[in-house]
Number of protein chains: 2
Amino acid sequence: MPADLRHSWTDIRDRIHGAILNGTYRPGDKLPRDEDIAQQMGCARSTVQRAMRDLSDAGIVERKRKGGTQVRADPLTRATLDIPITRREVEQRGSVYGYQLLHREIAVAPLSVGARFARRDPSRMLHVEALHLADQRPYILEDRWVCTDTVPEILSVDLSRQSANEWLVHNKPYSRCDLRFYAIEADARIARQLDAAPGAALLVMERTTWIEDAPITTVRAVTRPGYQLFTRS
Amino acid sequence: MPADLRHSWTDIRDRIHGAILNGTYRPGDKLPRDEDIAQQMGCARSTVQRAMRDLSDAGIVERKRKGGTQVRADPLTRATLDIPITRREVEQRGSVYGYQLLHREIAVAPLSVGARFARRDPSRMLHVEALHLADQRPYILEDRWVCTDTVPEILSVDLSRQSANEWLVHNKPYSRCDLRFYAIEADARIARQLDAAPGAALLVMERTTWIEDAPITTVRAVTRPGYQLFTRS
DNA sequence: ATAATTATTATGTAGCTACATATTAATGTC
DNA sequence: GACATTAATATGTAGCTACATAATAATTAT
């Protein structure tokens with residue numbers, strides 16, 4: 001086939017998606033089999049396969065062997081979140097990044113922290129509190145526990161100069177990550193640290209990471225008032 | 001090649017990822033070219049290609065034509081959020097879903113709403129306020145504007161029986177969606193509607209959808225106290 | 001020397017074949 | 001009729017080839 005009238009898989013995807021958008025196929029409807037679509041649209045099955053895989057990843061269609069492809073009966077919103085390291089986030093906003101270590105200790109992790117790792121037995125960990133600044137003003141307050149069994153090297157890192165966030169991300173990649181978002185009211189201490197009114201509503205991002213089955217770290221990042229999180233694109 | 005000693009692309013991906021996790025390749029490092037990896041691991045280039053595409057989608061490596069592949073110099077956390085329709089979310093929690101229409105009017109959208117659509121000129125839209133319930137208790141309070149130019153059919157839907165959320169999702173698929181999360185303090189009215197303490201910190205999800213360039217709807221969903229949003233697996 | 005042009009090269013894509021896998025449908029057995 | 005077995009079928013995957021594309025490196029022209 002002449003290369004210039006081949007169809008790209010993104011075109012095929014968009015045409016199938018278009019047929020869903022314009023109502024040709026509605027939620028729950030079954031789509032033709034890949035081979036028929038390929039023939040109808042004048043491309044190879046592998047091209048349809050790629051298009052379908054993308055639509056499937058996006059949560060638009062559901063595919064089952066032998067069962068065929070159907071438009072998701074109960075659509076959902078699927079979005080991708082990119083969370084860079086805090087320093088980069090601040091710099092991308094065009095602000096000057098600052099960092100301040102507030103507290104560092106070795107302590108037995110409370111049960112609530114163990115629970116985030118799905119562990120019952122409490123263990124001694126490194127506990128760090130730090131403040132990230134944007135243009136000299138508080139930006140994110142982080143409360144972190146690092147598992148010293150998994151990451152003993154962290155004990156010899158000078159965390160007053162480099163945030164644990166940054167060190168970990170460059171030295172201990174994770175294989176699994178859980179994220180959680182919720183809102184809290186600033187108590188007196190948090191209000192003071194973040195320069196917020198006591199009782200102010202603040203967005204919290206909680207992140208826990210593992211390498212294989214070994215826990216690495218868990219952070220509770222309390223954002224400054226007015227902070228917004230949004231999806232890319 | 002005998003089928004039973006072929007390597008699957010997920011295996012290849014995991015081996016490459018493993019080499020990154022164990023420090024063989026560190027952030028910023030360049031990886032060998034696909035063909036060399038293929039030869040080394042005993043598979044076809046297309047298999048490496050698929051593995052790399054996955055690692056690239058996950059934000060672990062960066063690929064450039066001719067430039068080759070390198071481990072992302074500045075790692076980020078990339079996560080996928082699934083937000084089902086509220087009814088389903090409630091039912092999946094094992095609760096009984098309820099719904100209540102609070103307010104319905106045709107009105108000129110305020111500038112703040114127009115801004116979410118990136119539109120300057122204010123226009124008449126359908127404004128709906130509704131409450132989603134879980135086990136008879138308030139769960140999510142939604143404040144929605146629907147563009148009647150794009151979705152005129154919405155005007156003849158009985159929104160006291162079916163939520164706009166549900167009708168739209170089954171009848172007007174979108175091609176683009178913006179999401180935004182932040183925290184607010186409950187004012188007197190919201191506190192009353194959501195059965196929350198005045199001043200309570202609440203997580204808000206704001207969602208705006210389009211079909212092609214035409215605006216469909218924008219919602220501000222205020223969640224009940226204690227609501228948490230998390231990433232799938 | 002600098003700029004414009006031309007290779008070179010690694011990834012990206014399209015198409016092909018062959019077979020694996022999961023599931024449903026059909027068939028046979030008790 | 002209920003249950004186990006077998007066949008049929010749509011998607012999933014691995015490997016192959018050929019070429020497209022983009023970015024860099026080398027070369028030539030000014």
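Convention: sequence-line order gives letters A, B, ...; per-chain numbering from 1.
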For this session: In whole angstrom, give the distance that lies between atom CZ of A/R53 and atom C1' of D/dG12.
Result: 9 Å

For this session: Round to the nearest Å and state the distance from B/K30 atom NZ to C/dT9 atom P.
Result: 12 Å

Problem set entry | Length of the line joining A/I37:CD1 and D/dA10:C1', which is rounded to integer Å | 12 Å

Problem set entry | Under-3.5 Å donor-acceptor pair between B/R65 side chain and D/dT21 base | yes

Seminar exercise, completed: Atom CG of B/D34 and atom P of C/dG12 are separated, to the nearest Å, by 7 Å

Problem set entry | Closest to side chain of B/A44, choosing from C/dA14, D/dA14, D/dC16 | D/dC16

Problem set entry | Side chain of B/K66 - closest among D/dA10, D/dA23, C/dT11 | D/dA23

Seminar exercise, completed: Comparing nearest nucleotides in DNA chain C, the 5'-proximal residue of the pair A/R50, A/K64 is A/R50

Exercise. What is the ring orientation for A/F181 with B/F181, classed by angle as parallel under 30°, tilted 30 to 60°, or perpendicular over 60°?
Worked result: parallel

Exercise. For the base of D/dG12, is there a side-chain donor-acceptor partner from A/R45 under 3.5 Å away?
Worked result: yes

For this session: Name the nucleic acid region contacted by B/G68, choosing base, sugar-phosphate or nothing; use a 4.0 angstrom heavy-atom cut-off, strictly under.
Result: sugar-phosphate

Exercise. Think B/S8 has a side-chain N or O under 4.0 angstrom from the OP1 or OP2 of D/dA14?
Worked result: yes

Exercise. If you measure from the Lys or Arg side-chain nitrogens to the Asp or Glu carboxylate oxygens, is any gap between B/D34 and B/R63 under 4.0 Å?
Worked result: yes

For this session: Using only side-chain N and O atoms of B/T69, determine if any of them is under 4.0 Å from OP1 or OP2 of C/dA10.
Result: no

Exercise. Atom CD of A/E35 and atom C1' of D/dT9: how far apart are they, to the nearest Å?
Worked result: 11 Å

Problem set entry | Nucleotide nearest A/Q49 (side chain, heavy atoms from C-beta), chosen from D/dT11, C/dC16, D/dA23 | D/dT11

For this session: Send over the distance from A/L55 CG to D/dG12 P, rounded to a whole Å.
Result: 12 Å

Problem set entry | Atom pair distance, as rounded to whole Å: CE in A/M41 and C1' in C/dG15 | 17 Å

Problem set entry | Cationic N near anionic O, under 4.0 Å, A/E91 to A/R87 | yes

For this session: State yes or no: are the ring centers of A/Y139 and A/Y97 separated by less than 6.0 Å?
Result: no

For this session: Kindly compute the distance separating OH (A/Y174) from OG1 (A/T208), expressed to the nearest 0.5 Å.
Result: 11.5 Å

Exercise. When the distance from CZ of A/R63 to P of D/dT9 is rounded to whole Å, what number comes out?
Worked result: 18 Å

